[in-house]
Amino acid sequence: MHRITITRPDDWHIHLRDGDMLKRSVNDVAAWANRAVVMPNLTPPVKNVNDAMAYHARIMAALEGYPQFEPLMTLYLTNSTTPDDIKAAAESKLVCGVKLYPAGATTNSAAGVTGLETLKPTLEAMQSHDLPLLVHGEVTDPDVDIFDREAKFIERTLAPLTDELPELRVILEHITTEDSVNFVAEARSGVAATITPQHLLFDRNDMLVGGIRPHLFCLPVLKRRQHKEALRRAAISGNPKFFIGTDSAPHTVETKESSCGCAGCYSAHAAIPLYAEVFEEERSLDKLEAFTSHFGADFYRRPRNQQTVDLVKIDNLSPDSLQFGPSTVVPLRAGELLKWRLE
Ligand code: DOR
Ligand code: ZN
C-alpha cells in the first residue's frame, strides 16, 4: 500500500457559510486543516472587526472537537471601508486579510467594490499595516466575455494596483488561466495565487460536453484545457507563490440544479485526496506537501504546522450527497471513486 506523510495542511480560501450550513462546512475542513482563511461573503457581509468577531464566535461554537482549528477571518471590502476599519482589523489579530469582490462578480458580491479609485487611502492603510488584499480577479464589464474576465482584470486593475502599491501583499484567489499563472510568476514578491482542486481537475468540456453539469459550475468559470494544464504546471512547480485554497463553497442541490444555478463547488470533504490525485497524475507527489502545507503559511507569515497527516492510496468513495442540517449538497466528484484517503 502506498502511503505518504505530509505536514498537516491549511486551507487559504474557503466559504464556511453561516446558520444551518456552518456546522458541516467547518467540521469538514477542520478534519484536515489547522487553519482556514474564511471568506466574508455572507448576507450581510463581514464588513468590520465586530462582524468578524461575531462570525468567528459562531464558527467556534459550530466546531465539534478539533481544538487546534483556527479560523482566519477576512473583511469584505466595500466602497465605504475606511483606513480606520483597516487599522482596527490589523490590530485585532483575528483578521488576516481583506477580500476584494468586484460588485456583481460572484455569489453575494452585490456589496462589492464598484471602483478602486476612491479606495486609495484604504488600500494604502492595508499596505502600511501589512494586511493582505485577497482578490476575486474578474472584471464585471458586460462587454467582456465571461471567459476573458480574469485576464482583463489583470490588465485593467491588478497590474496597475501592484505597481502603485509596491509593498501591498496581494493574493489572486482561485486562478483559472495561463494569463494568471504568468502574471503571478513574473510579478514582484508579495504577489501570490491560490489554486482550487476543481480548476486542476476539470476544464470547461467536463462541464458542458454531453450535458450541462451544474455541480462543476463555479466562478471564475472553468476554462479550456490549455489553462488547466498551465495551472497544473504552476501547482507542481515548487514556486512558493502558488498554494492551496480550495474555494470550497456549498450550495444546496436545489440552488445548483436550477434554471439559474449558483456558482460554487464543495470540496472540503475530500480536498487533500483531490489535490493528491492531480499531483500523482503529474508524477509530482513530492511537491504536494509544500503546496498544501508550507507555501501558504510562509506567505501569510504564520508558522508551518507541526503535526503530520498520512495519505493512503486506496479507493475512497466520494459520497453522492452530504447533509447540511436540513439541506443537501452534492460535493465534488459525487458518487465517484477518489484514489487517495486521508488518515
Ligand atoms: O464559485 C464560487 N463560489 N466562486 C466565488 O467566487 C464565490 C463562491 C461562493 O461563495 O459560492
Ligand atoms: Zn471563494
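The first residue in the sequence is number 1, and the count goes up from there. In this text, all values refer to a predicted model and were calculated from it rather than measured experimentally.
- Taking 4.0 Å as the cut-off between side-chain N and carboxylate O, K339 and D315 do not count as a salt-bridged pair.
- Distance alone, capped at 3.5 Å, is enough to place a donor-acceptor pair between the N27 side chain and the E64 backbone.
- For the pair D10 and A297, the tightest heavy-atom approach, listed with the atom from each and the gap, is OD2-CB, 4.3 Å.
- In terms of modelled atom types and a separation under 3.5 Å, the side chain of S293 and the main chain of T7 share a donor-acceptor contact.
- Ring centroid separation for the pair H13 and H174 comes in under the 6.0 Å cut-off.
- Applying the side chain to side chain contact (heavy atoms under 4.5 Å, CB included) test between V29 and each of T246, V38, I14 identifies I14 as the sole match.
- Between L16 and Y55 the shortest side-chain heavy-atom distance falls below 4.5 Å.
- In terms of hydrophobic clustering, with Ile, Leu, Val, Met, Phe, Trp and Tyr side chains grouped at heavy-atom distances under 4.5 Å, I272 and V312 are assigned to different clusters.
- Donor-acceptor pairing under 3.5 Å is lacking for the side chains of T177 and K223.
- Residues T157 and L116 are in side-chain contact: their nearest non-hydrogen atoms beyond the backbone lie under 4.5 Å apart.
- The cluster map of Ile, Leu, Val, Met, Phe, Trp and Tyr, joined by side-chain heavy atoms under 4.5 Å apart, puts L285 and L338 in the same cluster.
- The closest side-chain heavy-atom distance from I195 to F291 is below 4.5 Å.
- Using the six-membered ring where Trp is involved, Y101 and H136 have ring planes that are tilted, between 30° and 60° apart.
- In this structure a side-chain-to-backbone donor-acceptor pair under 3.5 Å is present from N41 to T107.
- The backbone N or O of V135 sits nowhere less than 3.5 Å from a side-chain atom of E173 that would complete a donor-acceptor pair.
- Atom CZ of R341 sits about 9.0 Å away from atom CZ of R3, to the nearest 0.5 Å.
- Among V170, T74, I171, V98, the single residue meeting the side chain to side chain contact (heavy atoms under 4.5 Å, CB included) criterion with P132 is I171.
- There is no side-chain donor-acceptor pair under 3.5 Å between Y76 and D51.
- Both the sub-6.0 Å distance and the 45° axial angle are not jointly satisfied by R35 relative to the ring of F69.
- Remark: the backbone N or O of S258 is not paired with any side-chain donor or acceptor of E254 at under 3.5 angstrom.
- Between the side chain of H215 and the backbone N or O of K256, no donor-acceptor pair lies under 3.5 Å.
- For the pair E282 and E280, the minimum side-chain heavy-atom distance is 4.5 Å or more.
- Remark: E150 CD to E178 CD distance equals 12.0 Å, nearest 0.5 Å.
- Interatomic distance, M39 CE to M73 CE, rounded to the nearest 0.5 Å: 10.0 Å.
- Under the 4.5 Å side-chain contact rule for hydrophobic residues, L219 and Y266 do not share a cluster.
- Contact record, R302 with C96: NH2-CB, 3.8 Å, taken as the closest heavy-atom pair.
- Shown here is R225, whose CZ atom has no more than 12 heavy atoms of other residues, nucleotides or ligands within 6.0 Å.
- The 12-atom threshold is exceeded at CG of L337, counting heavy atoms of other residues, nucleotides or ligands nearer than 6.0 Å.
- Hydrophobic cluster membership is shared by V144 and V113, with clusters built from Ile, Leu, Val, Met, Phe, Trp and Tyr side chains linked at under 4.5 angstrom.
- Residue K23 qualifies as enclosed at atom NZ: its count of foreign heavy atoms under 6.0 Å is above 12.
- Look at K152 and E155 and you find a salt bridge, because one of the NZ, NE, NH1 or NH2 atoms lies within 4.0 Å of a carboxylate O, short of that distance.
- The local environment of CZ in R156 is crowded, with over 12 non-hydrogen atoms from other residues, nucleotides or ligands closer than 6.0 Å.
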Practice problem: Step by step, work out the side chain to side chain contact (heavy atoms under 4.5 Å, CB included) result for R232 and V278. | Solution: CA-CA 8 Å; R232 284 181 167 228; V278 171; 3.9 Å; yes
Quiz item: Yes or no on side chain to side chain contact (heavy atoms under 4.5 Å, CB included) for S321 and V253, after CA distance, side-chain angles and deciding distance?
Solution: CA-CA 9 Å; S321 66; V253 65; over 6 Å; no
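- In R283, the CZ atom is not crowded: 12 or fewer heavy atoms of neighbouring residues, nucleotides or ligands sit closer than 6.0 Å.
- Although no hydrogens or angles enter the test, the distance criterion places a donor-acceptor pair under 3.5 Å between the side chain of D203 and the main chain of D206.
- Within the 4.5 Å cutoff, the side chain of R333 has heavy atoms near those of the L274 side chain.
- At a threshold of 4.5 Å between non-hydrogen side-chain atoms, the residues T196 and S267 do not count as touching.
- A single hydrophobic cluster is seen to contain both W340 and I244, as judged by linkage of ILVMFWY side chains at heavy-atom distances under 4.5 Å, directly or through other members.
- Across all non-hydrogen atoms, the minimal contact from V191 to F183 is CG1-CE2, 4.2 Å.
- Between K93 and E91, none of the side-chain N atoms (NZ, or NE/NH1/NH2) sits under 4.0 Å from a carboxylate O, so this pair counts as no salt bridge.
- Under a 3.5 Å cut-off, the side chain of R149 and the backbone N or O of D141 do form a donor-acceptor pair.
- Nearest heavy atom pair, residue L75 against residue A89, reads CD1-CB, 3.8 Å.
- Within the 4.5 Å cutoff, no side-chain heavy atoms of L42 are placed close to those of N108.
- Residue L131 holds its CG atom at 11.5 Å from OG1 of T122, rounded to the nearest 0.5 Å.
- Closest approach of I154 and P160 over heavy atoms only: O-CD, 4.0 Å.
- Put simply, the side chain of L311 reaches to within 4.5 Å of the side chain of L288, judged on heavy atoms.
- Residue F279 holds its CZ atom at 7.5 Å from OG1 of T292, rounded to the nearest 0.5 Å.
- Proximity of a side-chain donor or acceptor of R8 to a complementary backbone N or O of N305 within less than 3.5 Å is not detected.
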Quiz item: Can you list the steps and then say if F295 with F242 is a ring-ring contact (aromatic ring centres under 6.0 Å, His included)?
Solution: CA-CA 7 Å; F295 295 156; F242 299 102; 9.4 Å; no
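- Under 3.5 Å, the side chains of N34 and E70 contain no donor-acceptor pair of N or O atoms.
- Judged by the 6.0 Å and 45° rule, R169 forms a cation-pi pair with F299.
- Although no hydrogens or angles enter the test, the distance criterion places no donor-acceptor pair under 3.5 Å between the side chain of E167 and the main chain of Q127.
- Defined by atom type and a distance below 3.5 Å, a donor-acceptor pair is missing between the side-chain atoms of S248 and H15.
- Heavy-atom contacts from other residues, nucleotides or ligands closer than 6.0 Å to CD of Q306 number 12 or fewer.
- Taken from NE2 in H251 to CZ in F324, the straight-line distance is 11.0 Å, to the nearest 0.5 Å.
- A donor and an acceptor atom, one from each side chain of D85 and N48, are nowhere located under 3.5 Å apart.
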